[in-house]
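Heads up, the thing below is written out as C-alpha cells.
Below, read A as the first sequence line, B as the second, and so on, with proteins coming before strands; counting in each chain starts at 1. Basis for what follows: all heavy atoms, side chains included, without hydrogens, waters or symmetry-related copies.
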Protein chains: 2
Amino acid sequence: MEKISKELIGASSIPIILSILSKSESYGYEIIKKVKEISNGKLEYGDGTLYPVLHKLEKKELIESYWKIPESGRKRKYYTISNKGKKELVSQKENWTTINQIITNLWKIEPTLT
Amino acid sequence: MEKISKELIGASSIPIILSILSKSESYGYEIIKKVKEISNGKLEYGDGTLYPVLHKLEKKELIESYWKIPESGRKRKYYTISNKGKKELVSQKENWTTINQIITNLWKIEPTLT
DNA sequence: AAATATACTTAGAAGTTCGATGTATAAAAA
DNA sequence: TTTTTATACATCGAACTTCTAAGTATATTT
C-alpha cells in the first residue's frame with residue numbers, strides 16, 4: 001500500500017472536505033472516518049491535520065460551524081458548506097480536472113516506457 | 001481562465017517534471033516553456049519556482065545534471081532522469097491515480113447538486 | 001548602444017502538514 | 001466500581017514548501 005505524499009494530501013484535502021460537506025453537514029471526527037472509508041483506508045487524516053484545515057476553511061468563510069450539544073452523548077462542532085464554499089468547490093473541480101488532463105496527457109503520449 | 005492553486009502546483013510539479021525528463025533530457029528554461037505549452041498556458045512556473053524544485057530533485061538523486069557549453073550560444077544545465085527517478089515516477093503515478101479516483105468518485109456519487 | 005530574451009541562483013516571507021501533547025466526556029470492559 | 005478505550009476538539013512547534021524578488025551573466029535583436 002502506497003503512502004500518499006504530503007503534497008498530494010495538501011492539494012486534495014480542500015476539494016475532498018468541501019465535497020463531503022456539500023452532501024451533508026458533518027463534524028471533524030466523522031470526516032476523518034468518512035475519508036478513510038471512501039478511500040479504502042488509503043487516505044487517513046490525523047486529527048492534528050484535519051482540525052487546522054477546518055479552521056482555515058472557516059476563516060476563509062468557505063464553511064460555517066456550530067456546536068451541537070445533545071441531551072445524551074457528547075457535543076460536536078458541526079460544519080456546513082457556505083455559498084462561497086460551493087463556488088470554491090466548483091472552481092477546485094475545474095482546477096483539478098485541468099491538472100489531471102495535463103498529467104494524464106503527458107503519460108499517454110509516452111506509452112509504457114519501462 | 002482559472003488560476004491553478006499553489007497546492008495543486010506543488011502536488012503536480014514533481015510528476016510533471018519527471019515525466020518530461022523521462023522522455024528526453026532538458027534544462028530549466030526549456031521545461032518552463034514546455035509546461036506552459038502542454039498546458040495551453042494554464043500552468044506556468046516562475047523561474048524562482050522551478051529551479052529550487054530541480055535542485056531538490058537532484059539532491060534526492062531522482063535527476064542528474066551536467067553543464068553543456070556549446071561553441072556558440074549560452075551554456076545550459078541539462079537534467080536527466082535517474083533510475084531512482086524512474087521508479088519514483090511510477091510511484092507518483094500510482095499515488096496520483098489513487099487520489100484522482102477518490103475525488104472523482106466523490107463527485108460522481110453526488111450528481112450535479114447545484 | 002540599448003533593450004530584450006535567455007539562463008541560472010539564492011534569500012527571505014509566508015504558508016503548509018504532521019506528530020505530539022493537552023483537555024474532556026461517553027461508553028465499554030474488567 | 002474502576003479502568004480502559006473510543007470519541008471529540010484544540011494547539012504548539014518542527015520541518016518542509018512555494019513564491020516573490022533581487023542578483024548574475026550572456027546572446028540576440030532593435
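Atom CD in B/Glu44 sits about 14 Å away from atom C1' in D/dC19, given to the nearest Å. Here the C1' atom of nucleotide C/dT16 and the CD1 atom of B/Ile9 are 15 Å apart, to the nearest Å. Distance, B/Ile32 CD1 to D/dT18 C1': 14 Å, rounded to whole Å. In this structure, the CD1 atom of B/Ile99 is 13 Å from the P atom of C/dT17, given to the nearest Å. The interatomic distance linking A/Leu8 (CG) with D/dC16 (C1') rounds to 16 Å, in whole Å. Computed from coordinates, the B/Lys33 NZ to C/dA5 C1' distance equals 9 Å when rounded to whole Å. With rounding to whole Å, B/Leu50 atom CG is found 12 Å from C/dA7 atom C1'. For the pair A/Ile69 CD1 and D/dT7 C1', the computed distance is 16 Å after rounding to whole Å.
Pairs engaging residues 28-48 of chain A under the ring pair (Phe, Tyr, Trp, His ring centres under 6.0 Å) rule: none recorded [sequence neighbours left out].
Cluster annotation: B/Tyr66 is connected to B/Ile81 through the hydrophobic network of ILVMFWY side chains, with a link wherever side-chain heavy atoms come within less than 4.5 Å.
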### Query
Yes or no on side-chain hydrogen bond (donor to acceptor under 3.5 Å, both in side chains) for B/Glu64 and B/Ser82, after CA distance, side-chain angles and deciding distance?
CA-CA 6 Å; B/Glu64 286 153 13; B/Ser82 68; 4.8 Å; no
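Between B/Lys56 and D/dT18, a side-chain N or O to OP1/OP2 separation shorter than 4.0 Å is present. For the OP1/OP2 pair of C/dG15 and a distance below 4.0 Å, the side-chain nitrogens and oxygens of B/Lys6 include no atom meeting the criterion.
Listed here is the closest heavy atom pair of A/Leu18 and A/Gly85: CD1-O, 3.9 Å.
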N/O-N/O pairs, protein side and nucleotides 9-12 of chain D side, under 3.5 Å:
{"from": "D/dC9", "atom 1": "OP1", "to": "A/Lys77", "atom 2": "N", "distance (Å)": "2.7"}
{"from": "D/dC9", "atom 1": "OP1", "to": "A/Lys77", "atom 2": "O", "distance (Å)": "3.3"}
{"from": "D/dC9", "atom 1": "OP2", "to": "A/Gly28", "atom 2": "N", "distance (Å)": "3.2"}
{"from": "D/dC9", "atom 1": "OP2", "to": "A/Tyr29", "atom 2": "N", "distance (Å)": "2.9"}
{"from": "D/dC9", "atom 1": "OP2", "to": "A/Tyr51", "atom 2": "OH", "distance (Å)": "3.1"}
{"from": "D/dC9", "atom 1": "N4", "to": "A/Asp47", "atom 2": "OD2", "distance (Å)": "3.0"}
{"from": "D/dA10", "atom 1": "OP1", "to": "A/Lys77", "atom 2": "NZ", "distance (Å)": "2.6"}
{"from": "D/dA10", "atom 1": "OP2", "to": "A/His55", "atom 2": "NE2", "distance (Å)": "2.8"}

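Scanning for ring-ring contact (aromatic ring centres under 6.0 Å, His included) contacts around B/Tyr27 gives B/Tyr78, with sequence neighbours left out.
Salt-bridge annotation for A/Glu25 and A/Lys68: present, with a side-chain N of the basic residue lying under 4.0 Å from a carboxylate O of the acidic one.
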